[in-house]
Each structure stands twice: as C-alpha cells, then as structure tokens.
Q: 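Could you have a look at this structure, given as structure tokens, before my questions?
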Number of protein chains: 2
Amino acid sequence: MVTGQGPVTITDVARLAGVSPGTASKALNGRRGISAGTALRVQQAAERLGYQPNALARGLLSGRSFTVGLITTDSFGRFSIPVVQGAEDALGPGRILVFLCESRDDRLREEHYLRALLERRVDGIIVTGRRQDRREPIGRDLRIPVVYAMAYSSDPADLSLVPDDEEGGALAIRHLLGTGRTTIGHVTGPRRFRAAVLRAAGAEQALTAAGLGLAGSRTLYGEWTEEWGRRGVDLLLRSAPGLDAIFCGNDQIARGAADRLREVGRRVPADVALVGFDNWDVIAAACRPPLTTVDMNLRQLGRAAGERLLAAVDGHPGSGLQLLPCSLVVRESSRPPESRSP
Amino acid sequence: MVTGQGPVTITDVARLAGVSPGTASKALNGRRGISAGTALRVQQAAERLGYQPNALARGLLSGRSFTVGLITTDSFGRFSIPVVQGAEDALGPGRILVFLCESRDDRLREEHYLRALLERRVDGIIVTGRRQDRREPIGRDLRIPVVYAMAYSSDPADLSLVPDDEEGGALAIRHLLGTGRTTIGHVTGPRRFRAAVLRAAGAEQALTAAGLGLAGSRTLYGEWTEEWGRRGVDLLLRSAPGLDAIFCGNDQIARGAADRLREVGRRVPADVALVGFDNWDVIAAACRPPLTTVDMNLRQLGRAAGERLLAAVDGHPGSGLQLLPCSLVVRESSRPPESRSP
DNA sequence: GTGAAAGCGCTAACAG
DNA sequence: CTGTTAGCGCTTTCAC
C-alpha cells in the first residue's frame, strides 16, 4: 500500500492502470466487456494503492447503504446481547453493518437515534428490548422495514418475534412429569411481567393435561431474585411439604431455591427436582447442582430477526406476532431419582 | 408528512418552497444571508415533506461520515458491554453512530469488518476486548485514529486505555487494613491472566507497605469460578486458620468463598471480611452478605475511549498505555466488626 | 473493449 | 439576498 494524501479513489486506480474511471469500475466489479489484460492491470493497480471503494458514494447512487439500525431499549441487558449477536450472524461479517443504538427507555433518545438512522439511509431497523414487553411502533411511515425482537409492536401490521414463553413453561413441566415428578410447585417473578404470567399459564396447562394441579395450589408471584427463590421454597414447603419438584420462573429464583433446599436438608435432585428459565450460564452452571433450565434460544431469535429484515428489504415483508420455540437444557438438578449414581 | 415515492430530497423541499436547492440548503443549515421569510418557508416545506438530509451525500462531500466502528473480540461479554455503553455516551445519541463489529477472536472476521468499516469511511475505530490482553494492532497505515480499550495494542505508538488492576488490588487491601483486618489471604484466577497477576502484585505491595505479608504466605491462583472460591477457602483455612479477611480476584470467587465460609461456620463479615473484584451486580448484590468489591469503572473507560477518539479525529491524537482508576464499592461483606448492628 | 458524460443528493463558491 | 455551477466518488448509459 502506498501512503498518500486522503483516501484512494477509483480515479487514482484508473490513472495508474492507464484506463478511464468507468472502465476501472467495470473491471473491479467483474462486469463483462473488459479484456482480461485490462482487468488484471486494474486489479493490480487497486491492490498497489490499497484502494477501498467509497461506500458512501456507492450508497448515494444505489439508494442502498448495506447498513441496518439496531435500537435497543434494554440498556443492552443480558437478553439483548444474544439477540444482537444472532442478528449479526444473519447479516454477515462486514456484508451489512449494524448501527448500535441504545435508547435506554428514553423516548427522546430513541427519536434522535431514529432520525440519525434515517438520515444515514439504513436499509432497515431491528428493535429489541426487555423481555417481551409490548411497545409503541417506533415510527410511522418509515418507508423502510422494521422487525421487532423480544419487545413487540402494538401494531399487528408490524412483524414481531418473541420467544414462546407459554410453551417454555409447558416444556419444563412435561420434563418434570416425564421424569416421575408429580407434586410440582411454581415460583416466579412479578405478575406484571407478561413473561411470568405466560410461563405460569403454560405450566398449569401442562399439569392440567396430566390430570394434576400445582403443588401449593397456586403460582407464587414475587421477584426475579435469589432472595425470593429462597423465600418461595419456605412458603412451598409449608403449603406442600411433600413436593418433589419446583419449576422456577427464572434461573436466579431457581438458584435461590437450590440454596435454600440444601440449607433445609432437602437434596436436589434426589428429593426435589428443580427447573429454571433463561439458561443464563453464569447462574445455571454455578448453581449447586447445575441447573436444568429452559432456553429461549435468543441467539436464534436474533438471527431470525436479521433474516426476516433482509427478506423485508428484498420485498418480502412479514407481519404479526410470531412465537419462536424455547428448548430445554437438562442438567443435574432434574435428574430422575432412579438413575442417581451411587 | 406526505407519503411519496423514495426519500424526499432537498430539491423537493426547494421546489415546494419556491427557491433553489442551494438556497434551501443554506436555510436548513442556518447559514446567514437568507431572508427570514424564505428561511421560514423552507423550514415549513421540509417539515411538511418529512425531509431527512441524506447523510451519505453529506459525507461524500465533507469527507466525514460521523460514524465510528467498534470492534470487539470479546463476543460482547460482560466486560465489553459497559465499555460500549460508555463509548456511546461520549459519542452522543445520534450525533455519531457506532458500527458494531463482533470479531469473536476470529482474525478473518476482524479483517472483513475492518475492510467494511474503512469502505464506509468511518471517522475512527475503537477496539475493545477481553480483560486487558495484549493484542496486535488492528491494521497498519489506517489513516484514521484507533483507540484500544480494555485490550491494548502491542504497539506503544497506539493509544490504549486499560483499568489499573494493580491499583485496584492495592485499594482492596488498604480498605481491609483500614477496617482493622491484619491476616488477609488472596484467592484469584489463572496465573496466565495478566489481570490476576497485577491485582495480586498490587495486593502484596499494599501489604508490604503496611509491614505485613499475605495470609497463607502466597497468592492462590486457580479459576475465575465460585467452585474455586469455595476450594480456596478450604485451602486458606488450612494454611492460615486465624485469617480475618480474604481478597478475591473476582466476584465469582468471592461469592464461592462467602458460601463456603458460611458453610463452615465462619461469619462474614464478623469473623472474616471479603472483598471481590469487578462489581458485577448480579453476583455482588446476590452474594450473602452483599459483596464489597473493586469496580473497574468500565463505563467511564468506554466514555474515555470515545472522547479520546473524538479528540484524535479532531487532530489531537494520544498514545501509549494509559491506566484508568478503579474504585471501591463498599457493601456489607467487609463491614468492620466493631460497627455491627446488634 | 473502452471512454465520455451524466447524475445520485448535497453544499461551497461565485454570480447576479 | 438568491440562483447557478461545480464537484465529492462512483456507476451506468451510450457512443465510438
């Protein structure tokens, strides 16, 4: 590479190769109607000068910027990260670049970001947020496609992708039933979280389908914390002393539950099986014993968001609230009693 | 806003306002030499049409894109996130947009991203990564400024910003000494981590300065896990049964230590004080008792990286490895025994 | 096969 | 004060 003043333009390359800019352009873009010799000379000239095509100029001409915006309200929390990663997967390393915009739940910041994205002529926007809270559409008449992930738009004409929390709850219960548990309690987060309610609904439905009910007869709503997990165990043991499993609304609650069960002398999983939700590795793996938990497959959700956005950019838009499958990650905390190693 | 075909251009605005594009441009950009009436008519026309200036065209002309790249090798781990947030703080919501590039420690991905960023004419690049591992410069003769944060460049001509781990270690020890502890052990992560070694060095130095040595006489290197924290406590209690404090190389180790101390009947902080490192809220706050810990102020580090990058873009580059201060977050795990509530 | 010219949207410079 | 012109870097006609 030769060090000169300012970025190298295609005109510089053309001059060095002894051709016109138009010809250089064709050669570099593999257009046909160029002799092999010329093509080679242009390639070499570009190489020598370290030529990088100016994407701004290209975008101006083509009307596409090969750029998308990613607006997250979640302060980039632990749920947004895998979604973002998945989206990047779908968009490819360097093919389409992602503008990161953290709105931090601030409407004004969001507007600023939206304007900035529109000015930069992004090809589309992904909106992601905390759990699957319903939210206002990001803007009206945007003329570019938008996909919501995790958070979902209140406008059903928009495409929103969210994990199927209800099915996730059912998954947890069916697993416990399948490993011989019958008296199952449920401790979860605050009732105002849609996710908590949906998971509980899925759990209760799965129990009902098996002709059973919830141990302690009702879902214990509380906080998303270990502290609440510990207290939840105390409450459950009082109302349902014979319980043999607890499904927890997230991994922190489950971890608190595991600690408490150990403290009161109940063995996990021998006496009581435990299933969490989120598959948050630091928690689930550090739990004693390691935690069986429901994974929302957020990375795949992010990837799906990226793919759906690309499809929309190519003229194949989608719409509606779409549920993506959760899956179960089985670890030690729910091992059936029969198969315990000696 | 009027819905038409394709984005609204300044020519559309000019036509509606009955002026030339040049005049419209001046009016919209607050250039003087425009009558108040014209200015108003142009503003209104722009408003009516929902005009958004095309940043690609502007960038083509000005040579600046008001865009920076952020390359992270860390798979966006927990350390990168606050750095990214801080950088966004410095760059302002929408003023300068950030391209997110996760290289995932893949050299090829990194090259793709770098090329893509250069083609898009970013004004600068921030490189961030895991802890403060030394790394190769991202490229040569880039002609745009680069700032390294957390990870640092092996080329001293580059500007690298990293937390002062050594001072952080000293901070922890001085706090423990200041609250009356004298027999202090140190359990930390793998020796191959520079951060582990630096923190240990700072700790030992602070002890030496007080005429003391490490309880158990040497730093216990191991893993960054709770499991190792528990084992570390066992080892320390064997070699230094009378110890009254443990400084742990990260919060997970500290949390494991807290659990183990409780299990063996040592009260925290009454009998043994505990200090962690990272101030990772989920761990530090959920710990029983809540954990005193060293905070690397990563968000400020990210902000500093953003500011230094802007300065470099404006022609004021920096260089060298610069250490940014850690601070101590005091919680219950290190409360002096005297002041315990009844 | 190759070159010249026009134009993407915008702004700076210069006329009027 | 306002309009015209030129050009940022690139690609795409359309001549030759």
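Throughout, protein chains are lettered first and strands after them, A, B, ... in sequence-line order, and every chain is numbered starting at 1.
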Q: Given atom CZ of A/Phe66 and atom P of D/dT11, what is their separation to the nearest angstrom?
A: 12 Å

Q: When you measure from the side-chain N and O atoms of B/Arg31 to the phosphate of D/dC1, is any distance below 4.0 Å, counting only OP1 and OP2?
A: no

Q: For C/dT11 and B/Arg58 - does any side-chain N or O of the residue sit under 4.0 Å from the phosphate oxygens OP1/OP2?
A: yes

Q: Nearest whole Å is fine: how far is C/dA13 P from B/Arg32 CZ?
A: 14 Å

Q: Decide side chain to side chain contact (heavy atoms under 4.5 Å, CB included) for A/Leu323 and A/Val162; before the verdict, give the C-alpha distance in whole Å, the side-chain angles of both, and the deciding distance to 0.1 Å.
A: CA-CA 5 Å; A/Leu323 303 179; A/Val162 302; 3.4 Å; yes

Q: So does B/Thr9 get a side-chain nitrogen or oxygen closer than 4.0 Å to the phosphate oxygens (OP1/OP2) of C/dG9?
A: no

Q: Please determine whether a side-chain nitrogen or oxygen atom of A/Thr23 lies at a distance below 4.0 Å from atom OP1 or OP2 of C/dT2.
A: no

Q: Whole Å only: how far is the CG atom of B/Leu56 from the C1' atom of C/dC10?
A: 11 Å

Q: Assess whether a salt bridge exists between A/Arg135 and A/Glu110, defined as any Lys/Arg side-chain N lying under 4.0 Å from an Asp/Glu carboxylate O.
A: yes

Q: Hey, does A/Thr38 reach any base, or is it just sugar-phosphate, or nothing, if we go heavy atoms under 4.0 Å?
A: sugar-phosphate

Q: Nearest whole Å is fine: how far is C/dG3 P from A/Arg15 CZ?
A: 14 Å

Q: For B/Tyr51 and C/dG9, what is the distance between atoms OH and P respectively, to the nearest whole Å?
A: 10 Å

Q: For A/Ile34 and D/dT12, what is the distance between atoms CD1 and C1' respectively, to the nearest whole Å?
A: 13 Å

Q: Assign each of A/Leu60 and B/Gly18 to its nearest nucleotide of DNA chain D by heavy atoms, then name whichever residue's nucleotide is nearer the 5' end.
A: B/Gly18

Q: I want to check one thing: is the phosphate of D/dT2, taken as OP1 and OP2, less than 4.0 Å away from some side-chain N or O of B/Ser35?
A: yes

Q: Answer with base, sugar-phosphate or nothing: what part of the nucleic acid does B/Leu61 contact at a heavy-atom distance below 4.0 Å?
A: base

Q: Do A/Glu111 and A/Arg115 sit within salt-bridge range, that is, some charged N less than 4.0 Å from a carboxylate O?
A: no

Q: When you check the gap from the basic side-chain N to the acidic O, do B/Asp105 and B/Arg130 get nearer than 4.0 Å?
A: yes

Q: For the CZ atom of B/Phe99 and the CG atom of B/Leu117, what is their distance to the nearest 0.5 Å?
A: 7.0 Å

Q: Can you tell me how far C1' of C/dC10 sits from CD of B/Gln52, to the nearest Å?
A: 15 Å

Q: Of the candidate nucleotides D/dT11, C/dT11, D/dT12, which contains the atom at the shortest distance from the side chain of B/Ile10?
A: C/dT11

Q: I need the CG-C1' distance between A/Asn54 and D/dG9, as an integer number of Å.
A: 6 Å

